[in-house]
Amino acid sequence: ETIDVSRSAPDEYGLTSAEIKGRQEFVGSKKRALGEMRKTLAQSSESAKTQANVQGGGGGRSGGGRAEEEQVAGYSAEEFGTQQQQYQMMMEEQDQHFDSMLGTVRNLHGIASTMNTELDTHAVLLDEVNGLVDRTLSRLASAKRKVDRFLQDKNNRSLHIVIVLFVVILILIMLVIFT
């Protein structure tokens with residue numbers, strides 16, 4: 001059974017022992033309910049056969065009338081009819097529950113399909129972002145190498161020119177602000 005499998009490796013299925021126990025109790029209760037239904041059906045079937053035998057002549061019995069035949073069957077026609085109505089109501093109730101479960105399963109299927117589509121879309125987007133990040137990292141590494149080479153060159157005239165330009169721009173800004 002699936003419960004035994006999940007009990008052997010609960011972490012693999014993301015289940016706690018309480019969840020497994022709850023599921024086991026649920027399955028057990030449904031098995032008991034199914035057994036009771038089978039028992040009721042068997043009893044109804046037996047009583048219907050007995051009732052048919054009684055109404056069909058009852059073999060070689062003589063006299064006694066219908067009331068005696070009903071006593072032999074163990075059920076009166078009224079009790080048999082009531083039991084049939086109860087059985088029919090139970091079957092209709094089960095049908096309603098099964099229809100409800102079918103609707104729930106269909107909803108879950110729709111949700112799972114939507115989630116699958118979303119996951120596929122996100123996987124494509126993540127692949128695109130991954131490619132962009134790789135390209136950006138390679139550009140950043142290239143720029144870092146250029147800056148490192150620039151800073152390591154001690155006799156670099158470019159560095160002196162940048163510093164002089166920076167000082168000139170600073171002086172011009174101060175002149176504009178104070179005049």
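All heavy atoms count here, side chains included; hydrogens, waters and symmetry mates do not.
A distance of 11.0 Å separates CE of M174 from CG of L172, quoted to the nearest 0.5 Å. Considering CZ of R106 and CG of L102, their distance stands at 4.0 Å, rounded to 0.5 Å. We find the CD-NE2 distance between E93 and H97 to be 4.0 Å, quoted to the nearest 0.5 Å. To the nearest 0.5 Å, the span separating CG on L165 from CD1 on I169 amounts to 6.0 Å. Rounding to the nearest 0.5 angstrom, the gap separating the CZ atom in F98 from the CG atom in D95 is 7.5 Å. One distance of note links CG of L119 with OG1 of T114; it measures 11.0 Å at 0.5 Å rounding.
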In sequence, state the C-alpha distance, the side-chain angles, and the governing distance for N130 and L126, and then conclude on side-chain contact (heavy atoms from CB on, under 4.5 Å).
CA-CA 6 Å; N130 192 25; L126 285 173; over 6 Å; no
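Applying the salt bridge (charged side-chain N to carboxylate O under 4.0 Å, His left out) test to K144 and every residue at least two apart in sequence or in another chain returns D148.
Annotation: side chain of I171 is in contact with side chain of V167 (closest heavy-atom distance under 4.5 Å). Looking only at side-chain heavy atoms (C-beta outward), M90 and Y87 come within less than 4.5 Å of each other. Side-chain contact check for E128 versus L125: some heavy-atom pair is nearer than 4.5 Å.
In this structure, S113 contributes its side chain and H109 its backbone to a donor-acceptor pair below 3.5 Å. With hydrogens and angles ignored, the 3.5 Å screen pairs a side-chain donor or acceptor of T104 with a backbone N or O of S100. A distance-only check finds a donor-acceptor pair linking the side chain of E19 to the backbone of T16 [under 3.5 Å].
Residue F26 is not grouped with residue L34 when hydrophobic side chains (ILVMFWY) are merged at heavy-atom distances under 4.5 angstrom, including chains of intermediate members.
Evaluated for a side chain to side chain contact (heavy atoms under 4.5 Å, CB included) with Q88, the options E92, Q85, Q84 yield exactly one hit, E92.
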